[in-house]
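Shown next, in C-alpha cells, is the structure this report addresses.
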Amino acid sequence: MEISNLQKARAAYQPKLPKALQGPVKAVEGAATQSVGNQAEIKELFPNTYGMPVITFEPGAPVELPPFNVGIILSGGQAPGGHNVISGLFDGVKSLNPANKLYGFILGPGGLVDHNYMEITPELMDQYRNTGGFDIIGSGRTKLEEEDQFEKGIQILRELNIKALVIIGGDDSNTNACVLAEYYAAKKYGVQVIGCPKTIDGDLKNEQIETSFGFDTACKTYSELIGNIQRDCNSARKYWHFIKLMGRSASHIALECALQCQPNICLVSEEVEAKAMSLDDVVTYIAEAVAARAAEGNNFGTVLIPEGIIEFIPAIKKLIAELNDILALPEAQHITSANEQLTFVRGHLSKDNLAVFKSLPADVAAQLALDRDPHGNVQVSLIETEKLLSRMVADKLAIWKHQGKFKGKFGTQHHFFGYEGRCAAPSNYDADYCYSLGYNASRLIANGKTGYMSVIKNTTAPAAEWIAGGVPITMMMNLEKRNGKMKPVIRKALVELDGAPFKFFAAHRAVWAKETAYVYPGPIQYWGPSEVCDQTTKTLQLEQAK
Ligand code: FBP
C-alpha cells in the first residue's frame with residue numbers, strides 16, 4: 001500500500017496516556033448510580049446492569065491474567081480517531097498478556113451477526129495508527145436489538161473464545177451495546193460488553209463524558225474550510241455563502257465552527273425551537289442581517305446552518321412526530337415505492353400537520369416522509385436546507401427591494417460540509433483521547449466490567465492528568481419514543497442555551513453579523529507550538545472553564 005509522507009511521519013507518533021493507565025491499575029468504585037430519567041422503568045429493563053458504580057482507575061499492583069480474546073465493532077458514521085481507539089485497545093490487551101488476540105467485526109454490527117470478522121495482527125495495526133477513517137474493519141449502521149441477532153453473536157464470540165466485545169458508537173449504538181450487555185449478563189453467557197463514545201456530532205456528552213471523539217478533528221477541519229471560504233468571500237465581496245454543517249439534530253458542530261470562525265450568521269436549532277420560530281422567522285432573521293450589511297455596502301457574508309434545523313422548527317417538529325408514528329404503522333411496512341409512501345402519509349396526517357406538509361417545498365416534504373435510518377432518525381443530511389433557506393431569503397429580499405427596503409445585491413453559493421471531516425487524520429487531541437479510550441477499555445475488560453462506557457475526563461488538562469475510568473451506560477438512559485414506541489435510550493445532549501459556549505456566541509453574534517470579523521483557523525497542525533497543535537475545541541474550553 002502506497003502511503004503519504006504525512007501518514008509515514010504520523011505513524012511514528014506515540015499517543016499520550018493518562019498517568020493512571022501508564023502502569024497496572026486498580027479500580028476504585030464510587031456510589032451506586034441512577035439513570036437520568038424513568039428510573040423505575042430503566043431498572044426493570046436492565047436488572048443486571050442497572051445501578052452499578054462509576055469506576056475510576058488509579059495506579060495499582062500488577063495482576064496476572066490468563067490469555068483472553070477481545071472483539072471490536074465500529075458502529076455508525078465515521079469519526080476521526082476510530083483507528084486510535086483500536087490501537088489503544090490492541091496495545092492495552094497485548095500489555096495484559098501478549099498471547100491475547102483482538103478480532104474486528106467487519107462493516108459494523110452486521111459483522112457480528114453474519115460472522116464476518118478478521119484478526120487484527122500487529123502488522124495490520126501498524127498501518128493504521130494515527131490515521132483517520134474506519135477502513136481497517138469498516139463500519140455499518142445495522143441496529144443490534146433482536147434476540148436472534150444476540151444469539152447469532154454469541155455463537156461466533158464463543159467460537160473465537162472472545163471474552164469481551166467493545167462497541168464504538170454514538171448514543172444509539174451505545175444504547176444497543178447496553179441492551180446486549182444486559183442480555184448476555186441475564187443469560188450468564190460470560191461475555192462482557194463495553195461502549196466507547198464516538199460521533200462527530202458531539203451530542204454524546206453529559207456529566208460523565210466530556211466529549212465524543214471525532215468532534216474535535218471534524219470541527220477543526222470544517223473550520224479550516226469555512227475560514228478559507230471567508231477569505232474568499234472577503235476578497236471577492238460578491239457572495240453570501242450558505243454553509244450547512246453535519247451534526248444530525250444537535251447544533252454543536254455549527255456552534256463550535258462559529259466560535260472558531262466568527263461568521264456573520266450561525267443558526268442554532270435549539271434556539272429556533274426555544275423561541276418557537278417559524279420557517280419564515282428564520283428567513284426574516286437572515287434577510288435582515290443581509291439587508292443591514294448591504295446598507296453599509298457589504299453584499300457578502302457567511303451563514304452557518306446546522307443540518308437538523310428543519311426538525312427544530314416547532315410546526316415541522318410536530319409534523320415529523322406524526323410522520324414517525326404513521327411510518328411505524330403495520331400497513332406502512334408493506335409499501336414498496338416512494339410515491340405510494342407519500343400518498344399513504346398524506347392520507348393519514350391530521351389536518352394541521354397536512355397543511356404544514358403541503359406548505360413545504362416538494363423536495364423537503366418528500367425527504368421528511370421517506371425512509372428513516374435504522375435507528376428511526378430523519379436523514380437530515382439529505383435535506384438541502386442551505387439551498388432552501390437561501391432561496392427563501394432571495395424571495396424575501398426581492399419583495400423588500402420592490403418596497404424600497406433593500407438596495408443591495410444578493411448572490412449566493414452553497415456548501416455542505418460533513419463527509420469532508422469525518423475521516424480526517426485525528427488531531428493530537430483526538431489521537432491521544434481515542435488511544436486512551438481504547439487502552440482504558442482493556443482495563444475495564446480486565447476488571448470484569450460489562451455494560452460500561454469507557455470514559456476519559458479532565459481532557460483540557462495535559463494528558464498525564466486525564467482521569468480514566470468507566471460509567472454504567474444505564475446511568476445515561478431515559479425513555480424516548482422511537483419508531484412509534486417508548487424505548488430506553490441514552491439521552492442525547494443538545495446545545496444548552498444557558499451553557500457557556502452558546503452564551504459566548506450570543507454575546508458576540510451581533511458584532512459578527514454587522515462587521516466582517518472573520519477568523520481563519522487554518523489547517524490542523526500536528527507538530528509545532530502547543531498553542532497551535534494541542535488546543536481543544538472552544539466548546540470544551542468554555543464548558544470546562546465554569
Ligand atoms: P453518527 O451519529 O453515527 O456518529 O453519525 C454522524 C453523522 O455524520 C451525522 O452527522 C449525519 O447526519 C449522519 O452521520 C449521516 O449519515 P450517513 O453516514 O449514513 O450518510
Side-chain angles (χ1 to χ4, degrees), residues 73-83 85 107-110 132-135 137-145 167-177 195-206 209 211-222 225 243-257 269-270 304-312 320 364 367-368 370-386 415-424 426 430 433-434 437 453 476 480 482 489-495 539:
I73 295 178
L74 291 164
S75 180
Q78 286 67 252
H83 289 157
V85 178
L107 289 174
F134 279 8
D135 44 322
I137 48 173
S139 184
R141 290 200 184 276
T142 303
K143 193 168 164 59
L144 271 188
E145 60 173 356
I167 300 184
I168 303 178
D171 51 339
D172 288 327
S173 308
N174 274 291
T175 295
N176 296 150
C196 241
K198 169 235 67 166
T199 178
I200 59 161
D201 299 349
D203 57 3
L204 177 48
K205 66 173 170 183
N206 47 48
I209 301 174
T211 186
S212 54
F213 79 74
F215 177 70
D216 185 272
T217 310
C219 288
K220 285 173 180 162
T221 306
Y222 305 140
L225 298 174
I243 307 167
K244 182 175 80 160
L245 290 154
M246 260 193 186
R248 219 185 267 290
S249 302
S251 307
H252 298 292
I253 293 183
L255 180 58
E256 171 62 25
C257 292
S269 308
E270 293 82 347
L304 305 191
I305 305 157
E307 71 171 353
I309 193 155
I310 204 93
E311 285 185 283
F312 283 77
I320 292 175
V364 176
Q367 195 51 54
L368 291 184
L370 294 181
D371 292 336
R372 304 295 186 255
D373 79 0
H375 296 276
N377 302 309
V378 174
Q379 300 190 54
V380 278
S381 58
L382 301 179
I383 303 175
E384 294 187 312
T385 339
E386 69 286 17
H415 316 266
F416 168 35
F417 297 146
Y419 302 100
E420 292 80 350
R422 297 199 314 183
C423 283
D430 269 329
Y433 181 51
C434 292
L437 282 170
M453 181 111 66
M476 305 166 200
E480 287 174 25
R482 294 289 162 92
V489 291
I490 293 177
R491 187 182 278 172
K492 217 184 242 314
L494 298 177
V495 168
T539 303

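As a basis for the values below, the full set of heavy atoms in this structure was taken, side chains included, without hydrogen atoms, waters or symmetry mates. Order of listing sets the numbers, starting from 1, for every ligand and every atom in it.
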Decide side chain to side chain contact (heavy atoms under 4.5 Å, CB included) for Lys143 and Asn176; before the verdict, give the C-alpha distance in whole Å, the side-chain angles of both, and the deciding distance to 0.1 Å.
CA-CA 7 Å; Lys143 193 168 164 59; Asn176 296 150; 3.6 Å; yes

Residue, atom name and distance, where the atom is the protein heavy atom closest to [atom]:
atom: atom 7 (C) of ligand 1; answer: Arg422 NH1, 3.5 Å
atom: atom 2 (O) of ligand 1; answer: Arg248 NH2, 3.4 Å
atom: atom 10 (O) of ligand 1; answer: Asp201 OD1, 2.6 Å
atom: atom 20 (O) of ligand 1; answer: Tyr419 OH, 2.5 Å
atom: atom 4 (O) of ligand 1; answer: Thr199 OG1, 2.9 Å

Any idea which atoms of ligand 1 are less than 4.0 Å away from a heavy-atom of Glu307?
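What qualifies from ligand 1 is 9 (C), 10 (O), 11 (C), 12 (O).
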
Under 4.0 Å from any heavy atom of Lys198, which atoms of ligand 1 are there?
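Those atoms are 1 (P), 3 (O), 4 (O).
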
For the residue pair Tyr222 and Phe417, does the interplanar ring angle fall in the parallel (under 30°), tilted (30 to 60°) or perpendicular (over 60°) class?
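If you compare the ring of Tyr222 with that of Phe417, the planes turn out parallel.
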
Would you please test Ser139 and Leu107 for side chain to side chain contact (heavy atoms under 4.5 Å, CB included) and show each step?
CA-CA 4 Å; Ser139 184; Leu107 289 174; over 6 Å; no

Run the salt bridge (charged side-chain N to carboxylate O under 4.0 Å, His left out) check on Arg482 and Asp172 step by step: do they pass?
CA-CA 11 Å; Arg482 294 289 162 92; Asp172 288 327; 2.9 Å; yes

For ligand 1, is there an N or O atom under 3.5 Å from any N or O atom of Gly77?
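Yes, Gly77 has an N/O under 3.5 Å of an N/O on ligand 1.
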
With no hydrogens and no angle check, just 3.5 Å: does a side-chain donor-acceptor pair link Thr199 and Ser212?
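Ser212 and Thr199 do not have a side-chain donor-acceptor pair below 3.5 Å.
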
Are the side chain of Lys198 and the backbone N or O of Ser75 linked by a donor-acceptor pair below 3.5 Å?
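Confirmed, Lys198 side chain pairs with Ser75 backbone.
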
Donor-acceptor check, side chain of Asp135 to backbone of Gly138, threshold 3.5 angstrom: yes or no?
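Checking the backbone N and O of Gly138 against the side chain of Asp135, no donor-acceptor pair under 3.5 Å is found.
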
Could you establish whether Gly247 and ligand 1 come within less than 4.0 Å of each other, counting only heavy atoms on the residue side?
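Yes, Gly247 has a heavy atom closer than 4.0 Å to ligand 1.
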
Any non-hydrogen atom of Arg141 lying under 4.0 Å from ligand 1?
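Contact present.
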
